[in-house]
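Presented below is the structure to which this report refers.
By convention in this document, chain letters (A, B, ...) are assigned in the order of the sequence lines, proteins followed by strands, and residues within each chain are numbered from 1. What you see is a predicted model; the values in this text were computed from it and never measured.
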Amino acid sequence: MSIEVKAIDKTFGTFKALDQVSLKVATGELVALLGPSGSGKTTLLRIIAGLETADCGEIFFHGDDARGKMTKDRNVGFVFQHYALFRHMTVFENIAFGLRVKPKALRPSEKQIKEKVHELLKLVQLEWVASRFPSQLSGGQRQRIALARALAIEPKILLLDEPFGSLDAQVRKELRQWLRRFHDHLHITTLFVTHDQEEALEVADKIVVMNKGKIEQVGSPEDVYHNPASVFVLNFLGNVNIFHARSSAEHKSGEKPAKMYVRPHQLIVSRSPLSENSVKVVLTFVNLAGSIVKIDAQSQKGEIFQVEMSQEEYRALKLTKSDEVFLTPKNIAFSEYEI
Amino acid sequence: MSTRTEPAWIRRALIGIALSFLALFILLPLTVVFMNALNKGIAIYLKSLSDPAALAAIRLTLLTALIAVPFNLIFGVAASWAIAKFDFRLKNLLITLIDLPLSVSPVISGLIFVLLFGAQGALGPWLRAHGIKVIFALPAIILTTIFVTFPMVARELIPVMKAFGNEEEEAAMTLGANGFQTFWRVTLPNIKWGLLYGVILCNARAMGEFGAVSVVSGHIRGQTNTLPLHIEILYNEYNFTAAFAAASLLAMLALVTLILKSIIEFKYRAELAAAGKFVIKMENHV
């Protein structure tokens, strides 16, 4: 089922959580709402689920106006950041809940409920925990049970609020890939909230970058990473270095000062200056652990630069800490005039 | 286990002081109540309890609790739900108002109702014209009891509901549960021990209330005397054995309350601990 929100506003007291937000999500898409805390991404998700009411604006599920519908009638699967499993119920009863509260005429029989719950437990690969209580599960297991519970009502839309937010790094990575495969298998329209750019870039078909209650950019992971629509998007999707240049060549306006934003891996390190944009720096820190070498450098003006290069390049340049080198931007990710 | 750094003599002294206070202020009076009640033999004890005036007082006390406790149960759940789960204006005012009966002297609580419903009171003439008797009758006793026990359930539930938060209810709603199903299947199981705890405290106070009820009851023997008032009258008549016999009933109520309270507290803590939440420090109102 597709989702469309149009010109949504939401204010909490004096805080404007959402400001004229419009968004379209196509059927079967896996979309990440990415932004820092306070950017309004969770509020948007809650408004779609009906847990929060927008001050104004419209919501359509597959073209139908959803505003008059209560949360319970929206048939939206929602997975909460802290899972919100019913702590006094077993895992089995948690998953069965959505089926048991159906009106009598639609309620499946006990046998059907049992089959459905076991089918879902199999889907999330946790068949052996049916009789346990949520407190007896690990974070990753709770997450998957919360997902199974949400799927029990066969939702047409799945909403996940920071689904991996409170898990440790290892489990996060695993579940991330698992969610991707899971979505490829089920094809439910899925919207998930995250503040972790790596997570969004790795999992989503489409990324919606939000900031201060507004959508900054919507696009594929490649798109938002390589063609950021604003400095905010650029900054949020990875480290970036700023070069100050008097760019007379590129801009006809003459000697207007410009800022160039360059990703750490888009810098050339050399012993002598390569262009007028080259900056002389001293290497202050070198991190060799990992597949790439991460270097911190400082210019005479005190600006900090981050450089990334392969281990091979690093060895070829014979660099060591405290070396004096020149940095030249290879590929400018974004540039703007200084105000 | 916490590390103990205090010298042994300090520990012994502190425990000693605590135990002496307990003995002096709780065990000793309790013993005196039961000794005085039984000092003329069990036959007299039973006879003074089966006296018609005593039976009427017991009946009235039970009836009052039977009405006041369910009322405050419903009010307490509603109020704590509203306070813990919603944001609205005047919320702090509501919290203050709920606590009001605890900070007002019981005599004042009683007087409020006399001023409202008494012959000279605001609603007095109207009530008289319609032949409704409130003051010096059952309605006033029940109203006053409801008033003084007003905070008991709500106060216990507000911290519990706040600790549990909203998420489980929201999850229930996204799964298609209606309001009643959400309350019955999700909220109630989570708050049941806190609720029971509040009900027991509420009941103890409802049955034991003296001051406020005394003001509105009129002390009509066999009609408007609750058990605490009955005890006072007997005592003032130098009928010590009967007074202490009746008092022993209230003392037993207190003991039962104490035992139930301990059991519930134990269950409640275990449940919260299992849920991985912090244990809420229970305030003791008894």
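With a threshold of 4.5 angstrom between heavy atoms, A:Phe86 approaches chain B through its backbone and through its side chain. In this structure, chain B has no heavy atom under 4.5 Å from any part of A:Ala152. For a residue to count as touching a neighbouring chain, one of its non-hydrogen atoms must lie under 4.5 Å from one of that chain's; by this rule A:Arg100 touches chain B with backbone and side chain alike. For a residue to count as touching a neighbouring chain, one of its non-hydrogen atoms must lie under 4.5 Å from one of that chain's; by this rule B:Asn178 touches chain A with backbone and side chain alike. Residue A:Leu99: no heavy atom, backbone or side chain, is found under 4.5 Å from chain B.
Dense packing is recorded around NZ of A:Lys116, with more than 12 heavy atoms of other residues, nucleotides or ligands lying under 6.0 Å away. Surrounding NZ of A:Lys212 are at most 12 heavy atoms belonging to other residues, nucleotides or ligands under 6.0 Å away.
Looking at A:Phe182 and A:Leu147, their side chains come closer than 4.5 Å, going by heavy atoms from C-beta outward.
Per-residue counts of heavy-atom pairs under 4.5 Å with chain B were compared for A:Gln81, A:Arg74, A:Arg149, A:Met70; the largest is that of A:Arg149. The greatest number of non-hydrogen atom pairs below 4.5 Å with chain A, out of B:Glu168, B:Met173, B:Gln181, B:Glu169, is found for B:Glu168.
The contact list for residues 22-42 of chain A toward chain B, using heavy atoms and a distance under 4.5 Å, is empty.
Salt-bridge formation is not detected for the pair B:Glu6/B:Arg12: no Lys NZ or Arg NE/NH1/NH2 atom is positioned less than 4.0 Å from an Asp or Glu carboxylate oxygen.
Using the six-membered ring where Trp is involved, A:Phe78 and A:Phe80 have ring planes that are tilted, between 30° and 60° apart.
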>> Run A:Ser109 and A:Gln112 through side chain to side chain donor-acceptor pair (under 3.5 Å) and show every step you take.
In response: CA-CA 5 Å; A:Ser109 70; A:Gln112 285 168 313; 3.2 Å; yes
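A distance of 4.5 Å separates OG1 in A:Thr71 from CG in A:Leu51, rounded to the nearest 0.5 Å. With rounding to the nearest 0.5 angstrom, the CD1 atom of B:Ile158 is 4.0 Å from the CD1 atom of B:Ile83.
No hydrogens or angles considered: nothing links the side chains of B:Glu167 and A:His82 as a donor-acceptor pair under 3.5 Å.
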